Each structure stands twice: as C-alpha cells, then as structure tokens.
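Everything on this sheet refers to the single structure shown next.
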Amino acid sequence: MQRLILAGEAMGLLMAQSEGPLSTVRGYDLAVAGAEYNVAVGVARLGHDVSYMTKLGRDPFGERICAGLKENGIGQELLSWSERRRTGFMLKSRVTKGDPHIFYYRAGSAASTLAAADVGKISFAEYTHLHVTGILPALGDGPREATEAMMDAARRAGLHISFDPNLRPQLWESKEKMVKILNRLASKADLVLPGVAEGKILVGSDDPKEIHAFYRKQGVKRCITKCGSAGAFWSDGVHEGMEKGVTVRKVVDTVGAGDGFAAGVLTALMEGLPLPKAVQRGNLIGALQVMHRGDNEGLPTRAQLRAFMEQEGIV
C-alpha cells in the first residue's frame with residue numbers, strides 16, 4: 001500500500017473579509033494554512049493514506065488544526081503538543097488581482113521546536129513516500145536538522161522523496177544561506193518541484209531546461225518546473241515535455257496553487273501514472289484551487305476531480 005508522510009508547520013489562518021490593508025480590516029474568517037498541511041489535505045481527499053508530523057500549542061488554533069486533520073482523514077500518529085509554545089498563525093488580505101498580502105505570527109511557535117529527536121520516533125518502513133518543502137528548514141536550526149534527518153532516514157528506507165522549494169525568504173537569515181541549504185536538500189530528493197521564479201533564485205535561471213540540468217547534476221532523477229498559467233515542464237533525464245496549463249475562468253485566491261499541484265503530482269505517481277499524466281493532474285488541481293478562497297478549500301475529492309476533467313475534455 002502506498003503511504004505518504006509529510007512534516008511542517010500548520011497555522012491558524014485569518015482571512016480578511018474585505019479588501020484593503022490588513023491594518024484596516026475589521027473582520028476575518030478562520031481557516032487553516034501551511035504548505036505541507038495543504039498537500040496532505042489534497043492527497044487525503046483523493047483517497048490516499050497520508051500522515052502529517054507537526055507540533056501544536058494547546059490553544060484554539062491548535063485545536064482547529066487538529067480538527068482539520070480529523071475531518072480530512074489525515075493520520076495524526078506523528079502529531080505532538082507543546083505545553084509552553086503557541087501555535088503559529090497568519091493574516092491574509094483579500095484581493096481581486098494579484099497575490100494577497102501575508103503577515104506571519106510564527107516566530108517561537110510550537111512547530112519551530114521540531115527537532116531530529118522527533119524524527120527518531122518515526123518508523124519509515126511504514127511509508128512509501130516522503131514529501132518535504134523548503135519551509136520547515138527555514139524555521140530554525142532544530143527544524144532544519146529534523147528535515148535533513150527525515151530525508152536521510154527516508155532514503156535509507158527506500159522511500160520516494162519529493163521536494164518543493166516553496167521559498168519563504170522572509171524566514172531566512174540571508175538569501176545565500178537559503179539557496180545553499182535548499183539546494184543541498186534538493187540533492188537528496190528523487191523529484192524536485194521548483195517554480196520558474198524559484199529557479200531564478202536557486203540556480204540563476206528561469207529557463208526550465210537549465211533548472212532541470214542543474215538538479216540532474218546534483219543527482220536528482222526527475223524535475224518538474226511550474227511555469228504559471230502556461231503549465232509545467234517535466235524531465236526524467238531521458239524524456240521531457242511541457243504540459244499546458246488549464247484555463248481558469250476567474251482567479252479568486254492564488255495561495256495554495258503550488259500545494260494543489262504537488263498533491264496532484266504525488267497522488268498520480270503513487271497510482272503508477274507516468275510523469276506527463278502526473279503533471280496534467282497537478283495542473284488541474286492547481287487550477288481548481290485558485291478558483292476558491294482559502295489555502296486548501298479548492299482541493300478536490302476524486303469525484304470532483306473527475307467532474308472537472310470531464311468539463312475540460314480530459315480523459
């Protein structure tokens with residue numbers, strides 16, 4: 001049985017009910033955010049077995065996140081609680097064009113205390129896939145060591161490892177340190193999922209072929225570069241191609257598109273589909289997500305994905 005494990009920081013999400021600067025907003029809606037959490041939700045809604053490692057504070061945000069894990073059928077055996085630290089949260093503005101403004105309250109959070117010792121409790125033989133992003137290692141030395149330990153242990157256990165850089169420059173001490181550490185982590189993966197803008201920062205080029213060539217030299221077997229609305233370019237070292245994007249009638253919220261894409265790719269690969277079909281599914285789910293408000297509200301069930309494919313004329 002195919003089984004995925006992820007680790008990261010889930011946060012409370014306060015979404016502005018009206019447009020304008022966050023300092024002027026009078027009302028917010030409560031939801032849950034976090035890149036790895038979003039991917040876990042997307043994978044679980046498509047019927048796959050997935051577990052999520054995080055640490056929460058005993059507070060309303062932590063309780064809301066725990067409830068979200070239960071509602072989506074995500075394994076909580078790796079969830080731990082902090083009696084002293086709080087769950088992080090974030091504010092997100094409401095916009096009709098472009099990307100919303102984000103403001104974090106996550107410094108010193110419960111999840112920032114994740115460490116290599118937490119990874120030692122995981123039985124990697126129970127899983128087949130590990131998905132990692134560049135956000136957890138940005139939270140401090142402990143989470144960084146935990147990320148490395150997870151990837152090394154997963155490799156020894158023979159898991160398929162995917163890595164999404166998911167750049168958050170505001171969480172790093174410097175751009176140089178971010179680039180060095182994330183490229184080292186990427187070299188431990190079987191599949192890397194950068195965006196073209198991330199490629200410009202990490203490898204000095206936004207050309208998908210050059211991005212792929214860089215990571216292949218680092219030992220990465222497969223690479224998929226997200227090219228926005230144009231779609232995504234894929235390469236396995238032997239074959240390569242471009243899967244065109246899906247037309248989005250109305251963009252409601254751009255946040256979570258990359259996580260939806262990752263969920264689509266990972267579930268397709270877990271089902272044994274070829275890389276082009278996996279990229280196609282990633283494009284579909286990314287498009288569905290941006291048509292919904294919230295970071296993961298648009299991630300589909302199997303029936304919803306099938307209906308969207310039929311609507312788009314995709315077999």
Side-chain angles (χ1 to χ4, degrees), residues 6-13 22 33-39 53-57 61 80 82 84-93 99-120 130-154 161-189 192-206 211 214-215 217-220 225-226 255-256 258-259 262 295:
L6 305 97
E9 179 175 28
M11 296 173 287
L13 170 60
L22 289 170
E36 302 88 355
Y37 175 89
N38 296 339
V39 176
M53 184 175 83
T54 193
K55 189 174 288 188
L56 303 172
F61 287 131
S80 58
S82 172
R84 300 177 59 188
R85 303 289 186 112
R86 297 300 185 190
T87 307
F89 69 98
M90 57 184 278
L91 307 180
K92 181 170 72 170
S93 68
D99 298 327
H101 179 62
I102 302 295
F103 194 91
Y104 291 120
Y105 292 86
R106 64 196 304 178
S109 67
S112 71
T113 66
L114 284 168
D118 296 299
V119 177
L130 168 67
H131 182 66
V132 179
T133 82
I135 300 176
L136 183 59
L139 301 183
D141 292 339
R144 197 168 300 151
E145 292 167 2
T147 304
E148 298 238 24
M150 285 192 78
M151 296 183 82
D152 291 341
I161 304 172
S162 50
F163 179 75
D164 187 338
N166 233 321
L167 299 189
R168 297 292 188 275
Q170 64 270 45
L171 299 179
W172 290 89
E173 300 93 318
S174 69
K175 174 184 174 182
E176 292 72 24
K177 188 170 186 177
M178 175 182 72
V179 170
K180 179 180 179 180
I181 290 174
L182 294 190
N183 280 336
R184 184 176 75 239
L185 292 174
S187 71
K188 299 174 182 285
V192 178
L193 300 159
V196 286
E198 292 174 326
K200 188 70 173 179
I201 295 171
L202 292 171
V203 311
S205 174
D206 56 7
I211 294 171
F214 176 90
Y215 286 117
K217 288 180 181 178
Q218 306 302 310
V220 178
T225 297
K226 293 163 281 187
V255 177
D259 304 327
D295 289 20

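The model shown is predicted, which means the values in this text are computed figures rather than measured ones.
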Between L202 and F214, does the side chain to side chain contact (heavy atoms under 4.5 Å, CB included) criterion hold? Intermediate values first, please. CA-CA 10 Å; L202 292 171; F214 176 90; over 6 Å; no

Return the minimal non-hydrogen interatomic distance between [X] and [Y], and the atom names on each side.
X    : Y    : result
G88  : S109 : N-CB, 3.8 Å
A186 : Y215 : CB-CE2, 3.7 Å
R85  : S112 : NH1-OG, 4.0 Å
P194 : I211 : CG-CG2, 3.8 Å
L182 : G134 : CD2-CA, 3.7 Å

So does [Y] get a backbone contact from the side chain of [X], meaning a donor-acceptor N/O pair under 3.5 Å?
X    : Y    : result
S80  : K55  : no
N183 : V203 : no
D152 : A149 : no
K226 : L193 : yes
S82  : G57  : no

Dump the intermediate steps for side chain to side chain contact (heavy atoms under 4.5 Å, CB included) on R84 and T113, then the final yes or no. CA-CA 11 Å; R84 300 177 59 188; T113 66; over 6 Å; no

Between the CG atom in L22 and the NE2 atom in H101, the distance rounded to the nearest 0.5 Å is 5.0 Å

One should read off an interatomic distance between I102 CD1 and M90 CE, to the nearest 0.5 angstrom, of 3.5 Å

Partner residues of R168 under the side-chain hydrogen bond (donor to acceptor under 3.5 Å, both in side chains) criterion, sequence neighbours left out: Y104, N166

Please list all pairs meeting salt bridge (charged side-chain N to carboxylate O under 4.0 Å, His left out) that have one or both residues in residues 106-115, counting only residues at least two apart or in different chains. E9-R106

Test side chain to side chain contact (heavy atoms under 4.5 Å, CB included), reference L136, set T147, L6, T54, L185, output is T147

Contacts of F61 meeting ring pair (Phe, Tyr, Trp, His ring centres under 6.0 Å) (sequence neighbours excluded), chain-then-number -> F89

After noting the C-alpha distance and the side-chain angles of D295 and K92, does the key distance pass the side chain to side chain contact (heavy atoms under 4.5 Å, CB included) rule? CA-CA 10 Å; D295 289 20; K92 181 170 72 170; 2.6 Å; yes

Take E36 and M53 through the side chain to side chain contact (heavy atoms under 4.5 Å, CB included) test and state the conclusion after the steps. CA-CA 9 Å; E36 302 88 355; M53 184 175 83; over 6 Å; no

